[in-house]
Amino acid sequence: MLFWKSKNKQKDTMPLKAKTALDKRPLKYVTMRDSETYKEIRLGENGAINIMDGDFVLVCQGKDVMRCDIDEVRVAELMNLSGITVKGFDKTTKREMSVIAYFADKF
């Protein structure tokens with residue numbers, strides 16, 4: 001078997017075209033796992049994914065939950081296709097974050 005490996009391609013993220021296709025996708029809620037208790041913390045509900053000014057933004061009830069540079073953020077779909085994992089440097093909190101955004105049923 002031959003395995004081709006690209007130096008510039010990260011295997012844990014979707015391509016830029018797929019990320020931009022998520023623009024305006026409604027979200028049911030966004031969670032983050034607590035590293036100490038391993039429980040999921042709900043960061044927001046009733047939101048959407050927005051792509052604006054070169055940023056990948058998760059918005060819930062009018063507030064930014066996470067804002068990352070679209071070229072730097074790592075986005076991957078969940079295995080059951082009910083949402084995405086988003087990992088990257090959040091411009092608002094100035095720290096590395098990893099969240100799970102669950103899609104709303106209607107789209």
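The basis for the numbers below is simple: all heavy atoms, side chains too, and nothing from hydrogens, waters or symmetry mates.
The two residues G88 and C68 come nearest to each other via the heavy atoms C-SG, 3.9 Å. Residues K87 and E96 come closest through the heavy atom pair C-OE2, 4.4 Å. In terms of heavy atoms, F103 sits closest to I84 at CZ-CG2, 3.6 Å.
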Show every donor-acceptor pair shorter than 3.5 Å between a side-chain atom in residues 48-56 and any protein atom, with sequence neighbours excluded, or say none if there are none.
residue, atom, partner, partner atom, Å
D55, OD1, K91, NZ, 2.7
D55, OD2, R67, NH1, 3.2

T93 and D90: side chain to side chain donor-acceptor pair (under 3.5 Å), yes or no, with the steps? CA-CA 6 Å; T93 62; D90 182 29; 2.9 Å; yes

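Hydrophobic clustering, defined by side-chain heavy atoms of Ile, Leu, Val, Met, Phe, Trp and Tyr closer than 4.5 Å, groups L78 together with Y29, I100, Y102.
The hydrophobic cluster containing V59 does not contain L43, counting ILVMFWY residues as joined when their side-chain heavy atoms lie under 4.5 angstrom apart, directly or transitively. Note: the hydrophobic cluster containing V73 also contains L58 (ILVMFWY, side chain heavy atoms under 4.5 Å, direct or indirect links). Note on M66: it does not cluster hydrophobically with V57, by side-chain heavy-atom contacts below 4.5 Å among ILVMFWY residues.
At least one test fails for R95 against the ring of F89: distance under 6.0 Å to the centre or angle within 45° of the axis.
To the nearest 0.5 Å, atoms CZ (R74) and OG (S98) are separated by 8.0 Å. Between the CD atom in E40 and the OG1 atom in T31 there is a gap of 3.5 Å [rounded to 0.5 Å]. Rounding to the nearest 0.5 angstrom, the gap separating the CZ atom in R33 from the OG1 atom in T85 is 12.0 Å.
Partners of R42 under the side-chain hydrogen bond (donor to acceptor under 3.5 Å, both in side chains) rule, at least two apart in sequence or in another chain, are E45.
The shortest distance between side-chain heavy atoms of M97 and M32 falls below 4.5 Å. The side-chain heavy atoms of V65 and L27, taken from C-beta on, include no pair separated by under 4.5 Å. Using a 4.5 Å heavy-atom cutoff, the side chains of L22 and V75 are in contact.
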